[in-house]
Q: 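Provided herewith is a single structure, encoded as structure tokens, for subsequent inquiry.
Keep in mind that the numbers below use all heavy atoms, side chains included, and drop hydrogens, waters and symmetry copies. A note on names: the letters A, B, ... follow the listed sequences, proteins ahead of strands, and every chain is numbered from 1.
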There are 2 protein chains.
Amino acid sequence: MAGGPLNKVKTLSKSQQAYHWIKERIAQQEFTPGYRLVLATIAGELDMSVVPVREAVRQLEAEGLITFERNVGARVSMVDDSQYRTTMQVISVVESAATALSARELTEADLRQARAVNEIMASRLERFDPRAFSALNQEFHHILYCRCPNARLLEIVESEWTRLGHLRDSIFAFVPDRARESVREHEEILGLIERAAPLNEIEEAVRRHRKGTLSAFIEHEHPDEAAGFPAL
Amino acid sequence: MAGGPLNKVKTLSKSQQAYHWIKERIAQQEFTPGYRLVLATIAGELDMSVVPVREAVRQLEAEGLITFERNVGARVSMVDDSQYRTTMQVISVVESAATALSARELTEADLRQARAVNEIMASRLERFDPRAFSALNQEFHHILYCRCPNARLLEIVESEWTRLGHLRDSIFAFVPDRARESVREHEEILGLIERAAPLNEIEEAVRRHRKGTLSAFIEHEHPDEAAGFPAL
DNA sequence: CCTCACGGGAACGTATATGATTTTTCAGTA
DNA sequence: TACTGAAAAATCATATACGTTCCCGTGAGG
């Protein structure tokens with residue numbers, strides 16, 4: 001037949017279909033934290049048997065999106081305050097390292113794009129929409145760290161972000177006051193990268209930036225514990 | 001009944017049995033990197049069906065110990081030079097952070113124990129056994145970071161070490177010359193912790209220490225590329 | 001006559017379905 | 001509150017379908 005060498009249509013295995021289906025639902029918040037995942041139901045919905053679904057669930061468990069209890073079942077992971085804090089701390093460590101390692105690889109275009117995003121953020125300081133602002137923030141940082149040549153480090157950064165689930169999209173809903181300061185710090189980070197500052201300075205700047213947001217969050221939610229949380 | 005709350009004997013599920021069985025074999029190097037894992041064979045060996053084995057394999061895949069190819073099968077992950085380097089870089093980032101966060105939590109006993117381990121290492125500098133030395137090195141660092149209150153960070157450190165597989169036990173087989181310097185740097189790190197130095201100094205010291213070992217390794221194995229590897 | 005490329009098919013192993021078994025949960029009752 | 005039984009759901013075994021790999025035989029070219 002005429003087809004050429006592209007006969008391989010690459011049908012996803014059923015486990016992978018289930019995996020993506022569930023992940024999508026979680027991302028869209030159709031399955032909210034605490035939601036009980038019943039294998040048979042999902043299997044029915046996807047027109048397959050429970051075996052592949054089970055496998056998908058185990059994969060998602062390994063990623064931390066789902067918690068699983070023997071003979072009981074799976075539910076979408078809860079992210080409580082304490083988890084939020086530990087995860088954000090991990091992110092502040094690995095993302096700052098990734099950004100520093102990425103700095104020398106960034107192109108002119110990357111920097112332009114990052115600056116553009118930050119300018120949009122600045123322009124939205126009035127008429128503030130926390131969710132949109134968080135999304136832009138996410139995008140800004142992603143541009144800066146995604147050229148990091150250490151693939152494993154990148155994987156960890158991304159996986160920690162997905163671990164946070166929908167909270168990642170609403171950081172500034174908790175601490176709107178940080179927004180202005182955040183934009184300014186972004187500018188500072190861009191400056192350091194552009195003038196090819198030492199990598200450790202870039203790393204420290206990003207870490208300070210994240211730490212600032214986290215501290216603001218902690219002080220806002222738990223003014224009493226603020227001092228008790230260990231930081232770097 | 002008299003028993004108390006420990007009636008639960010907690011029989012492991014078959015998947016978990018398989019999981020631990022395989023992991024153990026890999027750790028003992030009975031399954032060496034590249035080894036082909038045949039589900040049915042393992043299932044037979046463990047007197048169970050392939051389904052739980054399959055699940056165990058997928059879990060190990062998520063941890064990075066096993067690589068899996070659709071419709072082909074599973075094999076124990078290879079760790080090549082490049083992976084070694086990226087993983088060690090990740091470790092240098094996360095372990096140093098974990099150690100710093102752990103520093104204030106360490107007890108007198110912890111420090112005594114760490115110092116004892118380092119003294120044993122020092123005493124073995126003559127009659128040098130790389131594997132034993134690597135194991136002691138591992139133990140030393142584990143004592144220092146294991147009190148880190150950020151559980152997630154600890155998980156990442158540990159998982160990166162297991163990712164390295166048997167290479168983690170033989171670092172000093174590649175670069176024996178680093179041994180003496182290593183012991184000295186351990187002493188320095190202990191000093192910083194004991195005199196309650198700022199956390200960032202502790203973190204930097206650990207990172208320098210790891211970076212030193214990694215550089216020594218790179219220079220030894222690939223004298224040409226030494227300059228090309230990005231570092232912090 | 002030897003070599004090597006191609007193609008068919010058996011052997012091996014994975015992917016998924018179905019059904020039996022076990023565990024947990026929950027409602028109803030003493 | 002404690003106990004019992006039934007329903008729901010997970011776990012695993014067995015069976016079958018499907019995809020890959022490897023080997024071997026055939027035929028063309030050197």
Q: Of all the nucleotides listed (D/dC12, C/dT14, C/dT18), which has the minimum atom distance to the side chain of B/L39?
A: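 Side chain of B/L39 sits closest to C/dT14.
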Q: As a test of reading the structure: which of D/dC12, C/dT16, C/dG13 is closest to the side chain of B/V38, going by heavy atoms?
A: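 From the listed options, C/dG13 comes nearest.
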Q: Give one of base, sugar-phosphate or nothing for A/L37, where a contact means two heavy atoms less than 4.0 Å apart.
A: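 The answer is sugar-phosphate, as A/L37 gets under 4.0 Å only of primed atoms, P, OP1 or OP2.
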Q: Between P on C/dT16 and CZ on B/R58, what's the gap in Å once rounded to a whole number?
A: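 Rounded to whole Å, this separation is 9 Å.
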Q: Can you tell me the distance, in whole Å, between the CZ atom of B/F68 and the C1' atom of C/dG13?
A: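 For the pair B/F68 CZ and C/dG13 C1', the rounded distance is 10 Å.
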Q: Can you tell me if B/N150 uses its side chain to pair, donor with acceptor, with the backbone of A/T86 under 3.5 Å?
A: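 Yes, the answer is positive, given that a donor and an acceptor are paired below the 3.5 Å cut-off.
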Q: Remember a base hit wins even if backbone is also touched, and classify B/V72 as base, sugar-phosphate or nothing at under 4.0 Å, heavy atoms.
A: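 Sugar-phosphate, no base atom in range.
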Q: Partners of B/Y35 by ring-ring contact (aromatic ring centres under 6.0 Å, His included), sequence neighbours excluded?
A: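 For B/Y35 the ring-ring contact (aromatic ring centres under 6.0 Å, His included) partners, ignoring immediate neighbours, are B/F31.
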Q: Which residues pass the side chain to side chain contact (heavy atoms under 4.5 Å, CB included) test with A/E155, sequence neighbours left out?
A: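 Result, side chain to side chain contact (heavy atoms under 4.5 Å, CB included) vs A/E155: A/R152.
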Q: Between B/R36 and A/E55, which has a closest nucleotide on DNA chain C that is more 5'?
A: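 On the 5' side of the pair lies B/R36.
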Q: Whole angstrom is fine here: how far is it from CD in B/E61 over to C1' in C/dT14?
A: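 From B/E61 CD to C/dT14 C1': 14 Å.
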Q: Verify, without hydrogens or angle tests, whether B/S102 (side chain) and B/L144 (backbone) share a donor-acceptor contact under 3.5 angstrom.
A: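 Checking the backbone N and O of B/L144 against the side chain of B/S102, a donor-acceptor pair under 3.5 Å is found.
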Q: Show the numbers, then the answer: is there a side chain to side chain donor-acceptor pair (under 3.5 Å) between B/Q59 and A/E61?
A: CA-CA 9 Å; B/Q59 256 180 279; A/E61 189 202 8; 5.4 Å; no
Q: Could you run down the sub-3.5 Å N/O contacts of the protein with nucleotides 21-23 of chain C?
A:
from, atom 1, to, atom 2, distance (Å)
C/dT23, O3', A/N71, ND2, 3.4

Q: Between A/M48 and A/E69, just flag the one whose closest nucleotide in DNA chain C comes earlier from the 5' side.
A: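 The residue closer to the strand's 5' end, by nearest nucleotide, is A/M48.
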Q: Looking only at heavy atoms, which two atoms of B/I22 and B/I42 are closest? And how far apart?
A: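 Closest approach of B/I22 to B/I42, heavy atoms only: CD1-CD1, 4.3 Å.
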